[in-house]
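Structure record follows, encoded as structure tokens.
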Amino acid sequence: MRVFWAVLARDLRLSVRHGADTLAALLFFVATASLFPLAIGPGPETLGRIAPGIIWVCALLAALLPLDRLFGADLEDGSLDLLMLSGLGASGIVGAKALSHWLVTGVPLLLVAAPVAVMLRMPEGGIPALLIGLLIGSLLLSLFGGMGAAIVLGARRGGVLLPLLILPLVTPVLIFGAAAADAAAGGFSARPHLLLLGAMLAAALPLCPLAGGAALRGAVE
Amino acid sequence: MDVLKADGVAVFRGERLVFRDLSLAVPAGGALVLAGPNGSGKSTLLRLLAGLVRPAAGMVLWDGEDAFADIAGHGRRVCYVGHQDAVKPGLTVTENLRFAAVVSGRSVRTALAAVGLEALADLPARMLSAGQKRRLALSRLVLSAAPLWLLDEPTLGLDTAAIERFGGLLAEHRAAGGMVVAATHVPLPLADVAGLRLG
């Protein structure tokens with residue numbers, strides 16, 4: 001467990017040092033979300049109606065951005081070998097990397113999601129459900145993303161392959177996440193959608209690091 | 001008593017057979033130097049002994065038992081210095097070693113002093129020369145508590161003084177019962193070594 005926190009601390013320190021890369025996902029999220037009012041028009045009727053969908057799609061795409069470098073940088077400079085020999089096990093490394101991705105990308109997205117929702121004139125009743133959905137959803141994105149990044153590691157054009165691999169897997173997350181916010185905004189209960197998201201998280205929490213770990217073993221070989 | 005043994009191992013890289021029927025034994029305090037032309041599988045053998053590459057046939061034994069039965073645990077028994085330095089240019093010299101220090105619980109300052117980098121401890125690693133980066137990579141050996149050192153061209157880019165100092169580290173490690181397996185084209189500062197020729 002000590003090694004797990006050491007991997008996490010090391011990744012967080014690297015993210016702080018490369019602050020521009022870290023901020024890129026957040027800026028991408030805010031920039032793309034603010035394009036919609038310009039393209040669709042600022043009318044609160046339409047914009048408020050589709051705001052949950054906009055926020056979810058933008059968050060999903062923004063979370064994909066840093067995945068390419070999640071293991072790539074460590075594979076290139078040989079650090080990945082040292083991580084593999086740290087005694088933590090490949091699954092633990094994928095878990096620690098997914099957690100660092102969530103802390104560096106997921107948490108900042110969560111923080112700016114509410115202001116962006118207000119900017120898009122989303123009905124106030126839906127915002128808590130949107131944030132709870134995003135909280136669970138961003139964890140899922142990091143877990144699936146960490147697994148996907150491990151799988152495409154070492155492949156040529158891995159950066160192109162990665163979204164093709166991950167987007168189908170996270171489609172259910174997007175559907176239920178956006179549905180939860182939609183339901184709450186329309187005055188219905190968001191609970192069933194959030195429970196389904198929670199169930200997905202319960203399944204992904206052990207399975208994604210396991211699958212990613214197996215992929216990582218293959219990649220360093 | 002041979003601690004590390006390989007018994008009739010064979011390794012494939014993709015479709016290509018790198019070596020087969022390869023056996024070796026290293027006793028406690030022993031050293032083995034791998035020689036052979038480029039592409040003969042020296043690095044692959046080192047990665048095999050580290051547990052990063054799996055053998056297609058044969059077994060690697062540790063104290064007579066399958067070394068890879070607990071693959072994560074085997075990682076703690078080896079310290080691998082590959083031909084890449086695994087140095088992050090954005091971190092300082094000390095920060096580059098912090099992860100290894102947490103894993104082993106040893107002091108970064110001692111490790112840096114052992115390779116003569118203590119004066120550069122707070123410098124960003126991107127300012128280091130190639131030889132200094134190599135010394136930083138080698139300082140992980142001092143930092144680790146692992147009994148088996150796996151070295152891939154360890155003296156590449158080092159000056160004579162640094163090589164001499166490195167020879168002292170190797171002797172110290174072996175005197176404490178540690179083992180060294182090294183792949184190299186140049187003579188290493190090692191006394192009383194066994195050799196293995198590949199290819």
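In the text below, chain A, chain B and the rest are named by the order of the sequence lines, each starting its count at 1. These numbers were taken from a predicted model, which means no experiment stands behind them.
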- Task: Please flag which part of Val11(B) lies under 4.5 Å from any non-hydrogen atom of chain A: side chain, backbone, both or neither.
- Result: neither

- Query: If you tally heavy-atom pairs under 4.5 Å against chain B, which of Arg217(A), Arg13(A), Glu76(A), Met84(A) wins?
  - Reply: Arg13(A)

For residues 138-156 of chain A, please give each side-chain donor-acceptor pair under 3.5 Å, one per line with the distance, not counting sequence neighbours.
unit_1: Ser138(A); atom_1: OG; unit_2: Trp102(A); atom_2: NE1; d: 2.9
unit_1: Ser138(A); atom_1: OG; unit_2: Leu134(A); atom_2: O; d: 2.7
unit_1: Ser138(A); atom_1: OG; unit_2: Leu135(A); atom_2: O; d: 3.1
unit_1: Ser142(A); atom_1: OG; unit_2: His101(A); atom_2: ND1; d: 2.8
unit_1: Ser142(A); atom_1: OG; unit_2: Trp102(A); atom_2: N; d: 3.4
unit_1: Ser142(A); atom_1: OG; unit_2: Ser138(A); atom_2: O; d: 3.2

- Indicate yes or no for a side-chain donor-acceptor contact from Arg54(B) to the backbone of Glu221(A) under 3.5 Å, with no hydrogens or angles considered. no

- Please name the pair of heavy atoms, one in Arg134(B) and one in Asp152(B), separated by the smallest distance, quoted to 0.1 Å. NH2-O, 3.2 Å

- Message: Can you tell me which portion of Asp85(B) sits under 4.5 Å from chain A's heavy atoms? Options are side chain, backbone, both or neither.
- Response: backbone

- Before accepting this row, confirm whether a basic side-chain N of the pair Lys88(B)/Asp74(A) lies closer than 4.0 Å to the acidic partner's carboxylate O. yes

- Item | Most chain A-contacting option - heavy-atom pairs closer than 4.5 Å, from Cys79(B), Gly73(B), Gly75(B) | Gly75(B)

- Against chain B, label Arg2(A) side chain, backbone, both or neither, depending on which of its atoms sit under 4.5 Å from a heavy atom there. both

- Against chain B, label Leu75(A) side chain, backbone, both or neither, depending on which of its atoms sit under 4.5 Å from a heavy atom there. backbone

- Set of ring-ring contact (aromatic ring centres under 6.0 Å, His included) partners for His18(A), sequence neighbours left out: none

- Message: As an exercise: rank Ser86(A), Ala90(A), Gly92(A) by heavy-atom pairs under 4.5 Å with chain B and give me the winner.
- Response: Ser86(A)

- Message: Only pairs of heavy atoms separated by less than 4.5 Å count here; which of Val78(B), Val81(B), Val53(B) has the most with chain A?
- Response: Val53(B)

- Message: Between Asp77(A) and Lys133(B) (salt bridge meaning N to carboxylate O under 4.0 Å), is one present in this structure?
- Response: no

- So which part of Arg77(B) gets closer than 4.5 Å to some heavy atom of chain A, the side chain, the backbone, both or neither? neither

- Tightest non-hydrogen contact, residues Arg76(B) and Gly87(A), listed as NH2-O, 3.8 Å

